[in-house]
Amino acid sequence: MLSMPGPDEFDTIAAPMERLRDAFRGERSPRGRKAALLAEFDRMRRPAPHFQWAFAVAASVLVLASAGLMWRGGAPPPETRAQAAVVEMAGVDGDDFVPVPYAPPLAAGEMVEVVRTELQASALYRMGVLAPGMSGASFDAEVMVGQDGLPRAVRVLATDGFEN
Amino acid sequence: MFERLMDATDEELFRRMKSGDRVALERLYERREPGLFRYALHVSGDRTIAEETTHEAFLALLQPGVRFDPERGCLEGYLYGMVRNLVRVAMRTRPAEPSREPATDSGVLHGLIGDERAEALHHAIRELPAAYRDAVILCDLEERSYEDAAKAMECPVGTVRSRLHRARSMLAAKLQGLRMAAAGEVR
C-alpha cells in the first residue's frame, strides 16, 4: 500500500517550487517569433502576386482556347468540308453560308467582310464549290472574305437566270 | 486600438483575427504566448522545442482549416492541447538525451534554475503522468486558479484539485526518496 505524505511532507517541495517559479518567471519566446507570426498573418491576408499573374495567364489561355474551339466547331474538317461544298442548287434556300473547302483558317479575332456579288458557276467551281449541271449559269451570292482577301464561305441568294 | 481589445475574450479575439484584425492577433499572442511557452519549456526542458511548438500553435490558428470550435471548448484549452501534442511529437523525434541523472537532466535549463533541489523537482515534475504534470505546472508554477487550469486542461475543477493533490504527493515522495538516497551515500 502506498503511504501518502502528510502536510509536513509537502513542505519538502514548497521551497524548490518557489525557486522554480522565480526562475521561469518572465520567460517567453524571443520577440522575433511574434514578428514572424505577424508577417505570416500579413502574407496570408494579401493575395499572392504570383497567383494573380498565373490567374491572368490561365484566363487568357482559356479565352483563346474557347475561341479556337468555337471557330473549329463552325468549320468542319477538310474532308467533310469538301462534301458540304457540293451545292445541290435545287435545295439551296440562301440561308446558310457554305464554307469554301481548303480555305486557310481565320486567325482568332480576325474580322470578315461579306460582299454581295454576281457569281458565275465557274467562279464557284474555282472556289472548290461544286454546282453540278450548272455550268455557264450566273447568280447573286454573298461571299465571306477574310482580312487577307481570300473567300472563306459563300451563300447563294438567287438562281435567276440559272440554266439547267 | 490595442487597449480596446483588452477585455475581449480569447474567442472574440480569435473571431476578429480570422476576419482580418491584426491587432486582435497581437492581443491574443501577448495574452497567451508567455504561458504556453513556459508550459512547453517545463514539459520538454528544451528551449528550442518550446519556441518552435508555441510558434507552430499560433501559426496553426492562422490557417483557414483550423478546427477550433467555440461550441466545443475554450480557445485556451485548444491552444494548450495543441502545444502538448506538438511537444510530445517533438520529443519523440529529437535525439535521445545522453544522461538521465536528475541533476543534469535539465541540460540547457541548468543555468536558468541554478539550484540542485529545484532542478531535481523540475525533473520529477517532467516525469509525472501528463495529467498530473499539467496540474502542477498550471497551478503551482504558473499560479493559475483552479478554474483557469480547468479551462486549459479541459476538465472539471474538482479533477484539477484531485490531480494536483495527488501530483504533490508523488513529487514529495520522489524528493524525499532522493534525499534519503543522498544521505545514505554520505553515510
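Being a predicted model, the structure only gives us computed values, none of them experimental. Lettering of chains follows the sequences in order, A, B, ..., and the numbering in each one begins at 1. We use all heavy atoms of the structure for the numbers below, so side chains are in, but hydrogens, waters and symmetry mates are not.
- For H122(B) and F24(A), the ring centers are positioned less than 6.0 Å apart.
- Within a 6.0 Å sphere centred on OH of Y132(B), heavy atoms belonging to other residues, nucleotides or ligands number 12 at most.
- With R22(B) contributing its side chain and G20(B) its backbone, the two residues share no donor-acceptor pair below 3.5 Å.
- Proximity to chain B (any heavy atom under 4.5 Å) is shown, for D22(A), by neither the backbone nor the side chain.
- For R28(A) and F37(B), the positive end is not near the middle of the six-membered ring at less than 6.0 Å and at most 45° from its axis.
- Both the backbone and the side chain of L62(B) come within contact range of chain A, judged by heavy atoms closer than 4.5 Å.
- Neither the backbone nor the side chain of T53(B) comes within contact range of chain A; no heavy atom of the residue lies under 4.5 Å from a heavy atom of that chain.
- Taken from CG in L61(B) to CZ in F68(B), the straight-line distance is 8.5 Å, to the nearest 0.5 Å.
- Heavy atoms closer than 4.5 Å to chain A are found in both the backbone and the side chain of Q63(B).
- No part of E56(B) comes within reach of chain A, as not one of its non-hydrogen atoms sits under 4.5 angstrom from that chain.
- The candidate with the highest count of non-hydrogen atom pairs below 4.5 Å against chain A, out of R117(B), E142(B), E51(B), is E51(B).
- Comparing T54(B), I125(B), L25(B) by heavy-atom pairs within less than 4.5 Å of chain A, the highest count is held by L25(B).
- If you check the side chains of R72(B) and Y78(B), you find no donor sitting under 3.5 Å from an acceptor.
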